[in-house]
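Submitted below is the structure of interest, expressed as structure tokens.
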Amino acid sequence: MSRPRESSIVRHRRGEDGYTLTELLVVMFILVLLVGLVAPRVIGYLGGAKSDTARIQLNNVESSLDLFLLDTGRYPTEAEGLGALMQKPEGVTAWEGPYLKKESGLQDPWGQAYQYRAPGQHGEYDLFSLGKDKTEGGEGENADITNWK
């Protein structure tokens, strides 16, 4: 019997498989650099997306208020609030709601209820969100989102 030839068996020499510590550190440095450059931009886009979402939701609530007006001949009173879009208020006969698909549409992306004043200071009603900081005023993501601007 003959032995198998050495050339038909692939053999690795020690130290040739795997990566060196230097190579791993360079890759880690590149990844950290990329995350450091990209993460602030992504976070900025997410913040802007919440403000855009609030504007869209505000428009949907406005449309729902207009449907309420068409059915009942008036906007909800301040005492009835935006809940009148989801549940029939006492004494309203021509209510054809609910006017929104989900009650969550009455909350801004930061988890706060949209503010509603009727009569409004800027129109028949004021509808607004106080933004991320939950206080009046602010800039950027903290800016108020309103139906009168």
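Only this structure's heavy atoms are used, side chains among them; waters, hydrogens and symmetry mates stay out. Every value quoted in this text rests on a predicted model; they were computed, and no experiment measured them.
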*Please name all residues satisfying side-chain contact (heavy atoms from CB on, under 4.5 Å) with Ser104, sequence neighbours left out, ordered by chain then number.*
Lys102

*asked:* Determine whether Val35 and Leu31 satisfy the following criterion, side-chain contact (heavy atoms from CB on, under 4.5 Å), listing intermediate values before the conclusion.
replied: CA-CA 6 Å; Val35 168; Leu31 289 174; 5.5 Å; no

Throw together a table of side-chain donor-acceptor distances under 3.5 angstrom for residues 124-135, partners on residues two or more places apart or in other chains.
unit_1	atom_1	unit_2	atom_2	d
Asp126	OD1	Gln121	N	3.4
Asp126	OD1	His122	N	3.1
Asp126	OD2	Arg117	NE	3.4
Asp126	OD2	Arg117	NH2	3.3
Asp126	OD2	Gln121	N	2.8
Ser129	OG	Asp108	OD2	2.8
Ser129	OG	Gly131	N	3.2
Asp133	OD1	Thr135	N	3.2
Asp133	OD2	Thr135	OG1	3.1

*Reported CG-to-CG distance for the pair Leu33 and Leu37, which is rounded to 0.5 angstrom*: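 That separation rounds to 5.0 Å.
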
*Counterpart residues, side-chain contact (heavy atoms from CB on, under 4.5 Å), relative to Ile30 (two or more places apart)*: Val26, Leu34

*Of all the heavy-atom pairs spanning Pro109 and Tyr114, show the shortest one and how long it is.*
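Distance-wise, the nearest heavy atoms are CD-OH, 3.9 Å.
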
*Taking ILVMFWY side chains as joined if any heavy atoms are under 4.5 angstrom apart, and letting links pass through other members, which residues group with Ile56?*
none

Please set out all donor-acceptor pairs under 3.5 angstrom arising from side-chain atoms of residues 85-98, sequence neighbours excluded.
unit_1	atom_1	unit_2	atom_2	d
Lys88	NZ	Val92	O	3.3
Trp95	NE1	Ala84	O	2.8

*What pair of heavy atoms forms the shortest contact from Ala54 to Ile145, and how long is it?*
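Taking every non-hydrogen atom into account, CB-CD1, 3.5 Å.
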
*asked:* Nearest 0.5 angstrom please: Leu21 CG to Met28 CE, how far?
replied: 11.0 Å

*Could you tell me the separation between the CD atom of Gln57 and the CG atom of Leu100, rounded to the nearest 0.5 Å?*
9.5 Å

*Are Leu106 and Leu67 connected, step by step, through hydrophobic side chains (Ile, Leu, Val, Met, Phe, Trp, Tyr) whose heavy atoms are closer than 4.5 Å?*
yes

_Residue pairs fulfilling salt bridge (Lys or Arg N to Asp or Glu O under 4.0 Å) with at least one residue in residues 74-87, sequence neighbours excluded_ =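 Matches after skipping sequence neighbours: Arg74-Glu80.
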
_Approximate separation, where rounding is to 0.5 Å, of Tyr19 OH and Leu25 CG_ =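 Atom-to-atom, Tyr19:OH and Leu25:CG are 14.5 Å apart.
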
Side-chain donor-acceptor pairs of residues 58-65 under 3.5 Å, sequence neighbours excluded:
unit_1	atom_1	unit_2	atom_2	d
Asn59	ND2	Arg55	O	3.4
Ser63	OG	Asn59	O	3.1
Ser64	OG	Asn60	O	3.0
Ser64	OG	Tyr99	O	3.0

*Determine which pairs satisfy salt bridge (Lys or Arg N to Asp or Glu O under 4.0 Å) with at least one residue from residues 19-37, sequence neighbours left out, and list them in order.*
none

*If you link ILVMFWY side chains whenever their heavy atoms are less than 4.5 Å apart, which other residues fall into the same cluster as Val32? By chain and number, please.*
none

*Consider only side-chain heavy atoms of I, L, V, M, F, W and Y, link residues closer than 4.5 Å, and tell whether Leu69 and Tyr116 are in one cluster.*
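Yes, one cluster joins them.
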
